[in-house]
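Written out below as structure tokens is the structure these notes cover.
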Amino acid sequence: MELNVSENLNEKQKLAVKHTEGPLLIIAGPGSGKTRVITQRIAHLIEHCDVKPWQIVAMTFTNKAAREMKDRLETLFSGEEQHRINASTFHSFCAMLLRREAEFLSLNQDYSILDDTDQISLLKRVMDEVGIDPNQWKVRSIQSAISNAKSKLMTASAFRAGKNSYFEEIVDRVFTRYEELVSQSNAVDFDDLIMNTNILFQNHPEVLEKYQSRYLHVMVDEFQDTNLAQYQIAQQLAGLHKNLCVVGDPDQSIYSWRNADITNILSFKKDYPDATEISLEQNYRSTKTILAAAQKVISPNQNRVDKDLWTQNDEGSPIIIAEAYDEFEEARITLNEIQNLIDAGICKPDEIAIMFRVNAQSRVLEEACLKSGVSYQLIGGIRFYQRQEVKDIVSYLRLLNNFNDDASLARIINIPQRSIGKTTLSKLSEQATAGGCSLWDQIELVVNQTNGDKSTSFLNKRSLNSVQVFYSLMKEIYDESKDLDLQSKMDLVIERTGYRNYLQNMEHGEERIQNLNELRESSADFSSIEDEEGLDPLTIFLERVSLISDVDHLDDHVNSITMITLHQAKGLEYKAVFIVGMEEGLLPHSRSLEHPEQMEEERRLCYVGLTRAHSRLYLMRAFRRGFRGNYEPSVPSRFLMDIPSKLTLNKGGNITQRDSKILKKTVSAQKSIFATETKSPYEEYKERIRQKKINSSKKQNDYNAGDKVVHDVFGEGVVVDVKAIPSDFELTIAFKDGLGIKKLLLQLAPIKKLNNK
DNA sequence: AAATCGTGGATTTTT
DNA sequence: TCCACGATTT
């Protein structure tokens, strides 16, 4: 149980761990051992400062990070106590708190949490209701305006008071009604979780005081990605003891589009002028080469404070920069190299990640994996809980948990088909709106009212009948499932609603049924949950489902490579990292080209990607990329130009000085709104690359079957076969020393001819 | 109410 | 190009 915290920590880390009184700001560069510092600090508090585990609350960015923190503490302490440490995301923390304190709110304990899709569908309903043309005003933009307001703690009425444009006028009309509908549904959206907690603290100081006195220490990880509303929560929780420790790195702030507020760090310094600031600058993760490249990429940002990152690690290998002809070849080359790394025993599959800017890029990569037989885990993409069949069953469960959940009811009322179509549903919803009640209440009303007399209903006889059937079905399921455990409840729903049948008659039905089995599995832990607050296991399960993220599913030690977006990769690390799509328009993304601030965020995103790598970094791009049907020639990412060539090795498609000139021209031309001005550098570039392609294909004559070659990694070998493939050549080479026959791409393979001929 | 056809628009990132 | 949604048909 004795714990010596100062061991294995550098001086700055020790300072951070031993600072136990008052506000603390830790600026933690990438790979600076941040997680270790946080856990050691908690351990130190418990060990030496007589702080009880339950007096500490730690906010993390993902559930996975929270779990890992608990796991680490578990290895430091043998007892049960570490379980009482409150480590969770802001959203989970607030969700739990709101349930616990539901009596102070206009919510029931079993409220639903609306996800993105629920939100969109409610907003559509509202827009329809208040007569706003969805073609003229995009639902997404209204959603984001509302979310933005809430993350700044602005209520609908505050928004109304401050509205300042025609768009905001439109938003205001939707906002007000949306709020009504949500609260009538006994539901909250993601932003409400944070916002309502703030409001609760404001309206009921006694509740706040309870938590303030309980939590002696408050920690916030990934502070650069919190929004104002979240910061406010942290501040209030620490309001009594002032032991607020925030950890972050402004250079890794990549969620401003989700209203994360980079100025929170500045505010912190202002709000706590006596705060201690510690900057962790020694990097334990990456090679000197990778770290230097990352620094070069981030430093052009205007809006930042320079850090002096350093590492004792080796130089390591150069960063490989490679150009492929198109996205298919990019994927092939990437997978080929990955196989080399694995075959040569340099990396295990789970030490390798492919990262990309947008999910759409993953498909080609997936196919390449399948082709080459490399197993992978794809994070994100079509997210598990967003799959139709999963979402449907979850909606049924949500309805059973909270019949006022309009979003869920609207989703499943006609799935499987029950002859309750759009018109019937909109009539019901119209009446519900008029009567100020939920859809379910309205249905109940209709069914009961018309039990005797069917002619008075606003529905025709057939629809009415269908609605009645649905009503009694749900009632029956509810009654029967009351005392069942979670899994049996789920089974009951799947069978009795006819959902299983519905799937069976569908193409890919088996796959979907598999997904439901997986959902069933995932609920196993909740069936027997011992709940302290007297909550239904179903409620807890549903909360988990709403707040879980994709990275939470990431398995660390499976025998497969990881494919992940750059955003999701934050906080992770891999021995070898491939970033694909290093092109203007993709990274940096085209949406950021005209906005300097967004461009800085793209740069940070790239920086996050680069700093995930321990020892091997590959920056891939395609000369042309399929985009909405047609192919566009692409320009290498400006971020590549910032990496000094002495750190890199170019494979195919060197970036020459002339390239950089062209790019510079392109970049400045892009600042102009008119695409025509960008045309000529594009054309020039395209033509030049074309020439280069022709030249490089001529190079193939260098290798013929029978040639002896030497490979950087595999050593000597003999060329067995040369095969032309689009824009490159595939060499089949038999290597010595039992390494066997390998297929390599000419453009990428680090091979030389042995000149004994 | 369901099935078919046609249009427009599109994906940046997600708790 | 592809998909999702809305309008039109049956």
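All values below come from the heavy atoms of this structure, side chains included, with hydrogens, waters and symmetry mates left out.
Looking at heavy-atom distances under 4.0 Å, Q417(A) makes contact with sugar-phosphate atoms alone, never a base. Contacts of D116(A) with the nucleic acid, taken as non-hydrogen atoms under 4.0 Å apart, are absent. In this structure, T424(A) reaches the sugar-phosphate backbone alone: every heavy-atom distance under 4.0 Å involves primed, P, OP1 or OP2 atoms, never a base. Residue contacts for L566(A): at a heavy-atom cut-off of 4.0 Å it reaches no nucleic acid atom on any strand shown.
With both pairing distances under 3.5 Å, dC5(C) is matched to dG6(B) as a Watson-Crick or G-U wobble pair.
Residue R544(A) places its CZ atom among 12 or fewer non-hydrogen atoms of other residues, nucleotides or ligands, all under 6.0 Å distant.
Residue S92(A) has no polar side-chain atom (N or O) positioned under 4.0 Å from OP1 or OP2 of dT15(B). Look at T565(A) and you'll find a side-chain N or O under 4.0 angstrom from OP1 or OP2 of dT14(B). Between dT15(B) and N227(A), no contact under 4.0 Å exists linking OP1 or OP2 to a side-chain N or O. Using a 4.0 Å cut-off, some side-chain N or O of R591(A) falls inside it from OP1 or OP2 of dT11(B). Taking 4.0 angstrom as the limit, K570(A) places none of its side-chain polar atoms (N or O) nearer than this to OP1 or OP2 of dT14(B). For dT13(B), one of the phosphate oxygens OP1 or OP2 lies less than 4.0 angstrom from a side-chain nitrogen or oxygen of N359(A). Close to dT12(B), at under 4.0 Å from its OP1 or OP2, lies no side-chain N or O of S592(A).
Rounded to an integer number of Å, the gap from CD1 of I120(A) to C1' of dC5(C) is 14 Å. Taking atom CE on M599(A) and atom C1' on dT13(B), their separation rounds to 15 Å, with Å as the unit. Atom pair Q361(A):CD and dT13(B):C1' shows a separation of 12 Å (rounding to whole Å applied). Atom C1' of nucleotide dT12(B) and atom CZ of R604(A) are separated by 15 Å, given to the nearest angstrom.
A donor and an acceptor atom never sit less than 3.5 Å apart when one is taken from the side chain of R258(A) and the other from the base of dT13(B).
Under a 4.0 Å N-O distance rule, the pair R604(A)/E601(A) qualifies as a salt bridge. Using a 4.0 Å cut-off between charged nitrogen and carboxylate oxygen, D642(A) and R603(A) count as a salt-bridge pair.
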> ring-ring contact (aromatic ring centres under 6.0 Å, His included) between Y499(A) and Y502(A): does it pass, once the steps are laid out?
Replying inline: CA-CA 5 Å; Y499(A) 204 90; Y502(A) 162 75; 5.2 Å; yes
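Rounded to a whole angstrom, the distance from the P atom of dT13(B) to that of dA4(C) is 15 Å.
Applying salt bridge (Lys or Arg N to Asp or Glu O under 4.0 Å) to E583(A) and the options R357(A), R621(A), R625(A), R624(A) leaves one that passes, R625(A).
Stacking of the aromatic ring of H589(A) onto the base of dT12(B) is found: the ring centres lie under 5.5 Å apart and the planes are inclined by under 30°. Residue Y255(A) and nucleotide dT14(B) are not classified as a stacked aromatic pair, given the requirement of ring centres less than 5.5 Å apart at an interplanar angle below 30°.
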